J.: 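This is the structure I want to talk about, given as structure tokens.
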There are 2 protein chains.
Amino acid sequence: MIQIMKKEQQERKKQLHSMGSRATPGRLEVLSVLEKADRPLNVEEIKKRLKGDSLDQATVYRIINALRDGGLIRQIDFLKTHAYFELSDKHDHHHLICVQCQKIEDFTGCNFQSIVQKALKNSKQFKTVTQHSLELFGLCNTCSKK
Amino acid sequence: MIQIMKKEQQERKKQLHSMGSRATPGRLEVLSVLEKADRPLNVEEIKKRLKGDSLDQATVYRIINALRDGGLIRQIDFLKTHAYFELSDKHDHHHLICVQCQKIEDFTGCNFQSIVQKALKNSKQFKTVTQHSLELFGLCNTCSKK
DNA sequence: TTGCATGCAAATTTTTTGCAGCCAG
DNA sequence: CTGGCTGCAAAAAATTTGCATGCAA
């Protein structure tokens, strides 16, 4: 287990370096928090889950922005006023969100390659797509019974 | 032209009533602003485009939330800290967004019915999807040359 | 008439910024 | 070393709330 953790750490460091950033304890810990999370977290939630609330809020914001711009984490839209984040290496995985109780379920297989190809084929101003967002909103079984 | 405008007004009023809301001048005007917009707008932009900046900011927020919850407008995630909105009746239409210069291009044909069916088939907690978000992020031709 | 909508002002929440000191590379 | 990171404190931006008044249905 410890071995695995170390490998993951190494992997994170490489990723940070490849995006031209330094592998500081703060950044590694934010990544670790998101690694353990079972759902996307907002900035406040990330901050609270850090060991002893250790990082300054300004730092958390700066880290989040750097990681997002570097592509290590992904911003999710839950129709809230502020953003949520998750690791972007959980391959091609998206969410079903209940607009009533906010329940979140993952789903995979959005087959977006064909969507991207189609979109780019018809586009005059774009030739590459580096990321995408896809969320489905509805009512979960519990809420739809009410 | 005036005839057409009146028809649209009537349509809007019906939509508002069907979501259990009153058809006030403010709400109709917000819808009209979004109707004329060539791209999704944030709350501040909507407020500025109202005749003479007529509505209070608190009111604009309350209107936006009501229209979104009622399904008349759609919230778009541009990876910003705050949300953007557009009319939801522009059928099944999404965006290509340049992460560098924020250029926005529309694209259609996301064929999401098959995605939704697939997701629901594998879901234990959901049986219906009422809305979806799909945005593609990348670099536009101009920015990718830099 | 009557309860939903709005304006106004204030509070709260969320995000950003300047600057000095620190540490990963 | 040294330039990127961070903490601290303060400011700015975005969103919400309470209450009195007004208007759509």
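Below, chain A is the first sequence line, B the second, and so on; all start at residue 1. Model, not experiment: these values are computed from the prediction. Hydrogens, waters and symmetry mates play no part in the numbers below; they use all other heavy atoms, side chains included.
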J.: Looking only at side-chain N and O atoms, does A:Arg12 offer a donor or acceptor that is under 3.5 Å from a partner on A:Gln9?
T.: no
J.: Measure the distance from CD1 on B:Ile64 to C1' on D:dT16 and round it to the nearest whole Å.
T.: 15 Å
J.: Taking A:Arg39 as the fixed residue, which of A:Glu86, A:Glu45, A:Glu105 is the one that meets the salt bridge (charged side-chain N to carboxylate O under 4.0 Å, His left out) rule?
T.: A:Glu45
J.: Please give, in whole Å, the distance from D:dG4 C1' to A:Leu16 CG?
T.: 13 Å
J.: Find which nucleotide of DNA chain C each of B:Leu55 and B:Arg22 is nearest to by heavy atoms, and output the residue with the more 5' nucleotide.
T.: B:Arg22
J.: Check every strand shown and say whether B:Ala66 touches a base, only sugar-phosphate, or nothing at a heavy-atom separation below 4.0 Å.
T.: nothing
J.: Side chains of A:Thr24 and A:Leu16: does their closest heavy-atom pair fall under 4.5 Å?
T.: no
J.: Using whole Å, report how far OH of B:Tyr61 lies from P of D:dT15.
T.: 3 Å
J.: What's B:Arg27 touching, base or sugar-phosphate or nothing? Going by heavy atoms closer than 4.0 Å.
T.: sugar-phosphate
J.: Base, sugar-phosphate or nothing for A:Asn65? Non-hydrogen atoms, less than 4.0 Å.
T.: sugar-phosphate
J.: Rounded to the nearest angstrom, tell me the gap between atom CG in A:Asp56 and atom C1' in C:dT15.
T.: 12 Å
J.: When the distance from CD of B:Glu44 to P of C:dT14 is rounded to whole Å, what number comes out?
T.: 19 Å
J.: Find the distance A:His82:NE2 to C:dT13:P and express it as a whole number of Å.
T.: 12 Å
J.: In whole angstrom, give the distance that lies between atom CG of A:Leu28 and atom C1' of D:dC5.
T.: 13 Å
J.: Does a distance-only test, which skips hydrogens and angles, find a donor-acceptor pair under 3.5 Å between the side chain of A:Arg62 and the base of D:dG4?
T.: no
J.: Quick test of your reading of the model: are A:Glu44 and A:Lys48 salt-bridged, counting only N-O distances below 4.0 Å?
T.: yes
J.: Scan B:Ala23 against the nucleic acid and name what it touches under 4.0 Å (heavy atoms): base, sugar-phosphate only, or nothing.
T.: sugar-phosphate
J.: On DNA chain D, compare the nucleotides closest to A:Thr81 and A:Gly26; which residue's is nearer the 5' end?
T.: A:Gly26
J.: If the plane angle is over 60° it's perpendicular, under 30° parallel, otherwise tilted; pick one for B:His82 and B:Tyr84.
T.: parallel
J.: Just how far, in rounded Å, is C1' of D:dA14 from NZ of A:Lys80?
T.: 16 Å
J.: Using OP1 and OP2 only, check whether a side-chain N or O of B:Thr24 sits under 4.0 Å from C:dT6.
T.: yes
J.: How would you label the contact of B:Gln57 with the nucleic acid (heavy atoms, under 4.0 Å): base, sugar-phosphate, or nothing?
T.: base
